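So that the names make sense, note that chain A is the first sequence line, chain B the second, and so on, each numbered from 1. The shown structure was predicted, so the numbers you read here are calculated from the model rather than taken from an experiment.
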Protein chains: 2
Amino acid sequence: MKTLKVPEATITRLSVYSRFLEYLDQRGIVTVSSGEIAQGVGVSPAQVRKDLAYFGEFGTRGVGYNVKDLMRYVLKVLGLDELWPLVLVGAGNLGFALCTYKGFNDRGFSIVGVFDNNPDKIGKKIADLEVYHLDRMAEIIALHNVKVGIITVPSHAAQEVTDLMVKNGLQAILNYAPVVLNAPENIEIRNVDMSTRLEILTFNLSKKDYNPVT
Amino acid sequence: MKTLKVPEATITRLSVYSRFLEYLDQRGIVTVSSGEIAQGVGVSPAQVRKDLAYFGEFGTRGVGYNVKDLMRYVLKVLGLDELWPLVLVGAGNLGFALCTYKGFNDRGFSIVGVFDNNPDKIGKKIADLEVYHLDRMAEIIALHNVKVGIITVPSHAAQEVTDLMVKNGLQAILNYAPVVLNAPENIEIRNVDMSTRLEILTFNLSKKDYNPVT
DNA sequence: TAGATTGTTAATCGATTAACAATC
DNA sequence: TAGATTGTTAATCGATTAACAATC
């Protein structure tokens, strides 16, 4: 077994490629070149080939890539050839939206447990899931062999939930609270910041009349 | 006026710094060093100083940075010293969650119009907003001088909504649909991918027993 | 002054791209 | 074979970090 150093940006792009390949496949397109993928997703052809080259040789010189095959390979590389059960903590509006988010199911993710500590929310239904008290997290994680948790609680509660998730053996956390979480090195954490990407836009729009200090 | 080349990663970090500074300010902390900021948000001290240096000299040698002042400077750099009215298209669960998302308001964003083309949804209330038909987008954009739009429609409808937003004069689009949008060069577009960050986690978890083709 | 920390330069590191041999 | 496109190396580009003079 080799440890493979792959830029995180490559993984992000792989995810985009896979969606473009699904799109091509739905349209019955059988073969695609790195140039066509590049054009379709807005990167360079060399980038596409380099990204794929980390994981193997999937194409045929002079011809291109088989859409179905490449799609399957890429999904496998991303770990999406298996089903991923998830738990989610924080049954607010965002939590609700994620529980009903079709995009997760499309990619093999399935939320199997929703938790909150607010008595008003416990027992309520979100889609076909019941909101449980945090006490029951360990039980559900064990039952479904869950490895990944999603945090949609307010910022001030996010660290506490993280600690609980780590204690209950989760290996990775997707955090929607705009706060930096502390966890042991071996726990994979990524933030989804609902607002930061928007702030890049406001930066870009407002810098039009920005005078740097010189 | 100078055009300033700043890495997008710097802007993303600035957003994180500003939140950490707010956190310090709430705790009554007056002065902070680049090392403390670095520690607090998980980057290197040199990175913090370099990021700030793009925009001016905000610190005092031997002392550090004044928390309140630096916070204000950084928010100003991000364009968050003004209010940003937004329109949102797609009154589904995600759209609903974003309309009620406190994180936007905290940063000066305010959704002033929600649109859909589904007759069942039009006229419904989301918080204190009424869902309008897409027909009324031009009117609302003009009324509130909106520059930024949010897309929360399904992937297949996202391009159409983009075209409409561009036609109606929006300058920036935040897209939550997992699809690459086409728009003129001068339109700023960023995607928020609800699922891609999750896929980085599954990649990392599954690569533990990944055998690269050699 | 001595100690601390900034602002900035130069060195390093890593990712992207250009170019081309391999080969279908 | 001629044309096309991959896989891969080397060159380029850009971002991060180390180091230190400036200075509070």
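- The CD-P distance, from B/Q47 to D/dA18, rounds to 11 Å in whole Å.
- The side-chain contact (heavy atoms from CB on, under 4.5 Å) test with B/F96 singles out one residue from B/N93, B/L98, B/T100, and that residue is B/T100.
- Counting to the nearest Å, the P atom of C/dT16 and the CD1 atom of A/I11 are 12 Å from each other.
- Residue A/R13 has a polar side-chain atom (N or O) positioned under 4.0 Å from OP1 or OP2 of C/dT16.
- One interatomic measurement links the two molecules: CD of A/E8 to P of C/dT16, which rounds to 12 Å at whole-angstrom precision.
- As a whole-Å value, the separation of B/F58 CZ from C/dT8 C1' is 15 Å.
- For B/K5 and D/dA15, the shortest distance from a side-chain N or O to OP1 or OP2 is below 4.0 Å.
- The distance from atom CZ of A/R61 to atom P of C/dA19 is 19 Å, rounded to the nearest whole Å.
- Checked by atom type and distance alone, the side chain of A/S15 never pairs as donor or acceptor with a backbone atom of A/I11 at under 3.5 Å.
- Screening A/R13, A/R19, A/R190 against B/E199 for a salt bridge (Lys or Arg N to Asp or Glu O under 4.0 Å) leaves a single residue, A/R19.
- Close to C/dG7, at under 4.0 Å from its OP1 or OP2, lies a side-chain N or O of B/Y65.
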For DNA chain C, the dot-bracket notation using Watson-Crick and G-U wobble pairs below 3.5 Å, [ ] for pseudoknot-type crossings and | for other-strand pairs, is ..||||||||||||||||||||||
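- With hydrogens and angles ignored, a donor-acceptor pair closer than 3.5 Å exists between the side chain of A/R49 and the base of D/dG7.
- Summarising the local packing, CD of B/Q39 is surrounded by 12 or fewer heavy atoms from other residues, nucleotides or ligands at distances under 6.0 Å.
- Atom CG in B/D51 sits roughly 10 Å away from atom P in D/dT17 (whole-Å rounding).
- Look at CG on A/L52: it is 13 Å from C1' on D/dT8, rounded to the nearest Å.
- Of the N and O atoms on the side chains of B/R107 and A/T202, not one donor lies less than 3.5 Å from an acceptor on the other residue.
- Taking the six-membered ring for Trp and thresholds of 30 and 60 degrees, B/Y101 and B/F104 have ring planes more than 60 degrees apart, a perpendicular arrangement.
- Taken residue by residue, residues 14-46 of chain A places heavy atoms nearer than 4.0 Å to DNA chain C at A/S44, A/A46.
- Looking at B/D116, its side chain does come within 3.5 Å of a backbone N or O of B/N118 through a donor-acceptor pair.
- Per the geometry, NZ belonging to B/K50 stands 12 Å off C1' belonging to D/dA18, to the nearest Å.
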